[in-house]
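Worth knowing before you read on, the calculation uses all heavy atoms, side chains too, and leaves out hydrogens, waters and symmetry mates. Convention: sequence-line order gives letters A, B, ...; per-chain numbering from 1.
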Amino acid sequence: MSRQSGLGEGFTLVVCEKPDAARRISEALAETRVETLQVEGTQVFRFKRAGEEFVVGAALGHIYGVWDPFDERGVYPVFDVEWFPTDMLGKRASFAKGRIESFRKLSVGAAKFINACDYDVEGETIGFNILRYACNGKERGALRAKFSTLTKQDLVEAFENPKSPSSNSLALAGRTRHVVDFVWGVNLSRALSESVRSVGHTYKTLSVGRVQGPTLSYVVDREVEIRTFVPTPFWAVKGLFQKGGLQFEAEYSIERIHKKVDAERVQRSCSDGKGIISRASRSLFEEAPPPPFNIGDLQKEAYRVFGYAPTRTLQMAERLYLDALISYPRTSSQKLPPSIGYAKALAGLGRMQRYSKEVDEIRKGTLLPSEGKKDDPAHPAVYPTGEQPRRVLSSWEDRLFDLVVRRFLAAFATQALRERVTITIKVGELEFKAVGGTTLKEGWLRYYRNYARREDNPLPPLQEGDEVKVIGVESSERFVTRPPRYNPSSLLEKMERENLGTKATRAETISTLINRGYITSDGMSTTDLGFAVIETMKTHSPAIISTKLTRDVEENLAAIEDGREDARTLVRQTIRILSENLITISSSEELIGRAMGGAISSALSAQYVLGSCPVCKTGKLKIIRSKKTRKRFVGCTNYPNACAASAPLPQKGVIKTTMKVCQKCAWPIVYVKLGRFPWRLCVNPQCPTKRGKTHEVRSLQKRG
Amino acid sequence: MKCEVCRREAEADSSLCAFHKRAGESLRSEYKSWSEAYGELTWEEYLDRIIENGETGEWVVEVARMMLLGKSRA
């Protein structure tokens, strides 16, 4: 087999993280036609610029990963780990083989190397590993192209002035994170699984990752708080008043009255029908625009306004970045430095009809954006580049794009001016308060109004000493509400506040907790398995789930990024901590196994239970696999004695319970995941919602 | 010994697991504020109202049901 790519020699090899980025970089830099070639079954691009020949190749995320070279199931501790091509680590990464081979062949003929992966810890790690392993130790001499958008102008600038990295500290920090997290995960997962296996149970994936553990413990602690919550009653008293034909509401000055009898007394005391305005004050306050988006803020806002899960927002934002519509999204920055070119971005947006009017207004003012405090040395806040979409965006992507654009426009707008009016009404000795608010000047709200509504609640013009009529006073019984469960957005915020994980991995950690069956996807309540894992860790190895330990590791990783800390020290420290905890776990294997056994059994059977049977009302509908045909179907647990309810299921793809029932027929609804997009399916083949769609349903089931 | 409600391992000094024990403690400690709030409330009336209230935690409901069945304060 030839060691060369067949593309000759002396070219510059550009290493990209993703194929779409490779294509865009090639199109932006090329001064000749871009040739699309295949090397080892992998697409590469060739072109010339200023007489120099460039070949651009792409990875597909990480194509090297950390693994245990002995890979013996159940054996721990594992501290000697190595980097391997990801295709050797599992079938799902088989794509890596061709890409690695392609880089290996290209590197033989290349005279110069440029790392053009995303400029952050993960991108640096991907580029470093390709240059080191596939390109035979070229990580030292390679140049670095740094850019925050995939627009032609930014790319040309980045490649005309590629940097010669003084150190590989970002890549070193990234590689250390991978090693620490792998060592952490593999040892604890094996220790837990072995404990469970030692008492005769089996469970395919039982893990406690370094960030997973503390994150799960937040969810569990909140769940305990909710499930042990006892609401306490109180009464709220509200009055309806009138002045000159205008009515308004005011609340009794004590917001929570703890005794029913006191609330009734307040109500009776207001029966004489008159009140006097004892105080009336007006105040003006300015409301500054929200800071430009960093990735965490974007994920939280997209969840708040559209209900997008953080992982989904990140995926879509990356897609918009690869289309050069927005800047690099994995950023911590809330700043928009002048170097991004405000005028150019605004001019581009102004060419889009839906923003043209608003952009015209903004361009008339001074272009000085409002910014937040957070900064990121690698990238600015997320902003629209002003490029026109070259494809039709999906409605989800379009909504996210609009959110980014409007947040960017709002940053250049003036503050909003609002008036707050507070009125105190005396009814005998009792005081009621009314608060009204109106927007006097919209400012940034004009550009962001779809996402930040401010309700106007004007009060009638009232002066101190004015008399008002009491129309009625009512008291209502209320209860202190329990704390809310975390949602993907609030959990992400909590992780951010506690400095757990990175901006790039937090959303993924939450998804892992759901995929492991520790928390539910709808409502994010803790499952029995989630409780069992945290209880076990709290009893036998509390340090593993402590926020402090994880936060210390994050701080050390940040210090490695800055070149202040030695990576080997952190790895040694991790091994020491893990060793101590693994000894404790190992010596309590049986206890742990027994404690977790019940939860595992119920977690395993819960996977197959879809909900109550709507036919017999007493059984449960379960996913059953036929012993004869090996096909899966839905059947009732009361079969064959009391119920024969059954239904076919798609035979391929993952089926998960939604814990929801169909509004029309009361049969359970399941998620079916086959391909990229999951869909919901009422399992009842006779469901009225499927009338007229029989053919469609059948073909789906056939397809399955 | 197993928890009377959920079959988890019971606490050494209780017939309930740590979670249901905590729920029972919350339930008992709030009785005073409920009876003061309504002026007069028997223990059984309190438990009935707690069970019906949508804000009550599910472990508290389970303990309250168990107490009502046993007519005891567990």
- Find the one option among A/Arg594, A/Glu535, A/Lys260 whose heavy-atom pairs under 4.5 Å with chain B are most numerous.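 Counting heavy-atom pairs under 4.5 Å, the top option is A/Glu535.
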
- pair B/Tyr46-B/Leu27: side-chain heavy atoms closer than 4.5 Å: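 Sidechains of B/Leu27 and B/Tyr46: in contact.
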
- Which answer fits B/Glu9, side chain, backbone, both or neither, if we ask what part of it has an atom under 4.5 Å from a heavy atom of chain A? neither

- Quick one: what part of A/Phe531 sits under 4.5 Å from any heavy atom of chain B, side chain, backbone, both or neither? side chain

- Query: With no hydrogens and no angle check, is any side-chain donor or acceptor of A/Ser588 less than 3.5 Å from a backbone partner on A/Leu591?
  - Reply: no

- Heavy atoms only: give me the nearest A/Leu216-A/Gly530 pair and the separation to one decimal.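 Where A/Leu216 meets A/Gly530 most closely, the heavy atoms are CD2-O, 4.0 Å.
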
- Message: Just checking A/Phe479 against B/Trp34, ring centres under 6.0 Å apart?
- Response: yes

